[in-house]
Asker: 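The structure under discussion is supplied below as structure tokens; questions concerning it will follow.
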Amino acid sequence: MKYIIIGAVAGGASTAARLRRLDEHAEIIIFEKGAYISYANCGLPYYIGDIIKDKNKLFVQTAASFNKRFNIDVRVMTEVTEIDPLKKTIKALNQVNGQIYEEKYDKLVLSPGAEPLRPPLPGIAGSGIFTLRNVTDTEYIKSYIEQKQTKKAVIIGGGFIGLEMAENLKNIGLDVSIVEMGNQILAPIDYPIAAIVQQHIRKQGVNLFLNNSVIGFEPTENGQKVLLNSGEKLEADIVILSIGVRPDTKLAINAGLKIGDANGIFVNEYLQTSNPDIFAVGDAIEFKNPITGKSMVTYLAGPANKQGRICANNIVLGNVQKYIGSINTAIVQVFGMTIGTAGTASKQLKNADIAHLVSTTNSGSHAGYFPGSQQITIQVAFSPEDGRLLSAQVAGFKGADKRLDILSSIIKRNGTIYDLIEFEHAYAPPYSSAKDPVNMVGFVAENILLGRLGVFYWNELDKITDDDLLLDVRSPEEYANGNINNAINIPIDELRDRLGEIPKEKKIFIYCEAGLRGYLAQRILKQNGYESVLNLSGGYKLWKDCNLEQQKFNLINQ
């Protein structure tokens with residue numbers, strides 16, 4: 001058998017290595033139009049930021065080492081320009097010597113990845129404007145920064161790569177601004193979690209220009225002026241375009257393969273394209289979202305590597321393993337803070353008309369009495385029918401990543417909030433509490449699901465009328481340091497003795513700092529004859545971050 005693979009980064013390299021492990025005698029050729037194979041895409045910003053100092057650490061394999069270990073013919077700097085499914089041939093261009101030649105195949109695997117968006121804006125071809133997608137891009141950017149002694153950077157796009165670049169450029173001493181067309185950074189997450197991160201970013205001295213789009217560039221003596229639709233002009237010595245990517249489907253389209261609703265290469269559950277002898281993996285393919293059932297693409301290395309293994313199994317063994325899709329579990333570090341997401345965000349569930357409930361909790365990363373505990377905010381969405389967990393988002397520092405992994409695992413297996421309640425964790429004071437933050441998420445979600453806890457959200461204060469009562473159950477000191485307008489303060493520990501101050505005919509809206517004291521107050525009131533009592537999900541802390549971000553948004557758009 002002769003296997004040809006187009007693309008040699010995550011999905012392609014993983015497919016090739018697995019093919020060899022399953023079939024020692026097959027002829028395997030892998031084509032890569034770039035100069036490098038099997039490199040750590042996700043590590044590129046950290047090389048620019050001097051966190052990773054040796055570029056060679058980014059390479060999982062080189063072409064030579066891959067060939068030696070797996071006996072695979074690796075052809076870098078060679079672009080496949082044409083596929084003929086009828087003849088079962090590909091046409092390749094050696095970009096070094098200009099030679100064009102054909103190769104036959106028995107089975108073909110497409111792993112062309114995605115290409116960065118570079119809209120046709122005026123001046124976008126100017127000096128100092130870069131995209132970051134591969135090692136060559138990284139080398140250009142790093143060299144440019146060093147040679148030009150750049151001081152000011154503007155990053156266009158507030159996605160995962162954009163934020164990583166902001167952190168790393170700031171770390172090497174640049175003044176950094178981020179321009180984002182949407183009203184928040186990190187589009188896959190919901191606004192409340194984004195607001196927490198935005199507040200954190202602003203505190204690092206990074207300029208955030210939200211709800212702003214770039215309309216063009218003007219060259220200056222040292223770099224570029226970035227022109228915004230708001231009328232502002234940002235000075236930049238270097239500009240990083242992190243607007244997004246799209247599946248690279250050119251070869252597939254020209255070969256007559258089916259393109260799906262999400263504009264990716266259509267594959268079936270065995271990762272076969274519309275041609276049974278051509279498979280596809282990685283950023284260029286689309287598949288059904290396991291939660292919404294709608295077509296989606298994902299640009300993550302984890303799913304691409306897993307697809308490569310499954311694809312090779314199906315090629316050699318004959319469609320023995322189904323790919324069940326990705327829930328888009330992703331994580332990013334932003335100036336020391338960890339932000340992550342898994343599953344389908346509440347805003348996307350709303351767009352898909354999927355009924356759900358939302359809960360936000362704040363918990364310590366480990367036992368509060370042990371030094372160094374830090375807050376983790378966790379938001380989940382779950383089904384109101386059976387408690388199936390649909391999404392999870394985290395923002396915090398120590399331990400936030402492991403909580404996301406736990407939540408992701410439960411979402412992936414169609415688990416419920418009851419699985420969170422019963423989750424058994426390794427407990428010692430430096431690592432967790434007897435009730436882990438994951439357990440706490442489950443407890444709160446169950447209370448909401450069963451009607452023991454009624455909640456309202458940060459953006460629903462306009463529902464509170466003059467006939468209602470807003471009750472702050474924090475301490476007087478906390479209340480004095482900041483509160484929500486028109487709230488009266490009755491600390492939780494005084495509540496039972498002061499019930500006479502709270503009219504039973506009013507609808508009561510309660511809040512505390514993080515949510516727990518508000519829940520306790522709600523239980524006290526409900527069991528003392530108060531019929532309509534709601535607690536602020538996420539507490540004053542979350543409301544404050546969201547409100548501060550909304551104030552900035554309103555100020556900019558006046």
Side-chain angles (χ1 to χ4, degrees), residues 1-16 19 26-34 73 75 78-95 99-118 133 244-289 293-299 303-304 307-308 310-323 325-326:
M1 292 290 287
K2 182 176 180 179
Y3 307 126
I4 287 180
I5 301 163
I6 301 172
V9 189
S14 178
T15 304
L19 282 172
E27 181 182 359
I28 305 173
I29 306 173
I30 187 165
F31 290 90
E32 171 55 48
K33 64 182 178 182
D73 185 354
R75 303 182 188 179
T78 305
E79 181 178 5
V80 174
T81 58
E82 186 180 322
I83 301 168
D84 188 331
L86 295 178
K87 293 168 57 181
K88 297 181 75 170
T89 61
I90 61 97
K91 190 172 290 185
L93 166 66
N94 184 318
Q95 297 175 94
Q99 179 189 3
I100 299 174
Y101 58 94
E102 279 190 352
E103 288 281 357
K104 291 189 67 66
Y105 65 83
D106 293 304
K107 301 289 183 183
L108 176 67
V109 179
L110 297 178
S111 183
E115 53 188 0
L117 297 176
R118 199 177 177 97
R133 187 63 186 166
V245 295
R246 61 187 170 203
D248 187 346
T249 56
K250 294 187 292 292
L251 277 173
I253 291 171
N254 291 337
L257 301 181
K258 180 179 177 181
I259 303 300
D261 295 336
N263 296 317
I265 301 170
F266 174 84
V267 294
N268 65 14
E269 57 194 357
Y270 300 107
L271 298 171
Q272 280 174 307
T273 69
S274 53
N275 183 304
D277 291 320
I278 303 176
F279 291 70
V281 298
D283 295 355
I285 73 168
E286 69 171 64
F287 46 84
K288 280 190 177 181
N289 183 301
K294 295 184 177 181
S295 292
M296 63 172 282
V297 293
T298 188
Y299 306 114
Q307 291 161 14
I310 293 169
C311 176
N313 290 346
N314 291 332
I315 289 173
V316 176
L317 304 175
N319 287 358
V320 294
Q321 186 176 1
K322 295 179 181 180
Y323 179 63
S326 165

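Residues: numbered from 1 along the sequence shown.
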Asker: Quick one: closest heavy-atom pair of Ile285 and Gln307, and the distance?
Answerer: CD1-OE1, 3.5 Å

Asker: Once rounded to the nearest 0.5 Å, what's the spacing between atom CD1 of Ile6 and atom CD of Glu79?
Answerer: 10.0 Å

Asker: Nearest 0.5 Å please: distance from the CG atom of Asn268 over to the CZ atom of Phe279.
Answerer: 7.5 Å

Asker: Going by the side-chain contact (heavy atoms from CB on, under 4.5 Å) test, name the single residue among Asp73, Val80, Ile4, Leu108 that passes it with Glu103.
Answerer: Ile4

Asker: Once salt bridge (Lys or Arg N to Asp or Glu O under 4.0 Å) is applied, do any residues pair with Arg118, and if so which ones, sequence neighbours excluded?
Answerer: none

Asker: Any side-chain heavy-atom pair from Phe31 and Ile90 closer than 4.5 angstrom?
Answerer: yes

Asker: Return the minimal non-hydrogen interatomic distance between Thr89 and Tyr105, and the atom names on each side.
Answerer: N-CE2, 3.4 Å

Asker: Taking all non-hydrogen atoms of both residues into account, name the closest pair between Gly12 and Ser111 and its distance.
Answerer: N-OG, 3.1 Å

Asker: Under a 3.5 Å distance rule, please check whether Asn314 uses its side chain to pair with a backbone N or O of Val320 as donor and acceptor.
Answerer: yes

Asker: Roughly how far apart are Asn289 CG and Met296 CE, rounded to 0.5 Å?
Answerer: 5.0 Å

Asker: Apply side-chain contact (heavy atoms from CB on, under 4.5 Å) to residues Ile83 and Leu257 and explain how you reach the verdict.
Answerer: CA-CA 10 Å; Ile83 301 168; Leu257 301 181; 5.6 Å; no

Asker: Would you mind listing every side chain to side chain donor-acceptor pair (under 3.5 Å) that reaches into residues 274-284, with sequence neighbours excluded?
Answerer: Lys88-Asp277, Lys107-Asp277, Arg133-Asp283

Asker: What's the spacing between Leu271 CG and Leu110 CG if we round to 0.5 Å?
Answerer: 11.5 Å

Asker: Rounded to the nearest 0.5 Å, what separates atom CD1 in Ile259 from atom OG in Ser295?
Answerer: 12.0 Å

Asker: With a 6.0 Å cut-off (strictly less than), is the heavy-atom count around NZ of Lys2, excluding the residue itself, greater than 12?
Answerer: yes

Asker: Would you name the heavy atoms of Ala284 and Thr249 that are closest together and state the gap between them?
Answerer: O-CG2, 4.3 Å

Asker: Please name the pair of heavy atoms, one in Val297 and one in Ala262, separated by the smallest distance, quoted to 0.1 Å.
Answerer: CG1-O, 4.1 Å

Asker: For Ile30 and Gly7, work out which heavy atoms get closest and say how close.
Answerer: CD1-O, 3.7 Å

Asker: Kindly say whether Lys104 contributes a backbone atom to a donor-acceptor pair with the side chain of Lys87 at under 3.5 angstrom?
Answerer: no

Asker: Do side-chain atoms of Asn319 reach the backbone of Tyr270 as a donor and acceptor pair under 3.5 angstrom?
Answerer: no

Asker: Looking at side-chain heavy atoms only, is the closest gap between Glu82 and Asn254 below 4.5 Å?
Answerer: no

Asker: What pairs with Tyr323 under ring pair (Phe, Tyr, Trp, His ring centres under 6.0 Å), at least two apart in sequence or on another chain?
Answerer: Phe287

Asker: Is there a side-chain contact (heavy atoms from CB on, under 4.5 Å) between Thr78 and Tyr101? Walk through the geometry before answering.
Answerer: CA-CA 10 Å; Thr78 305; Tyr101 58 94; 3.7 Å; yes

Asker: So how far is it from Tyr3 OH to Ile29 CD1, rounded to the nearest 0.5 Å?
Answerer: 13.0 Å

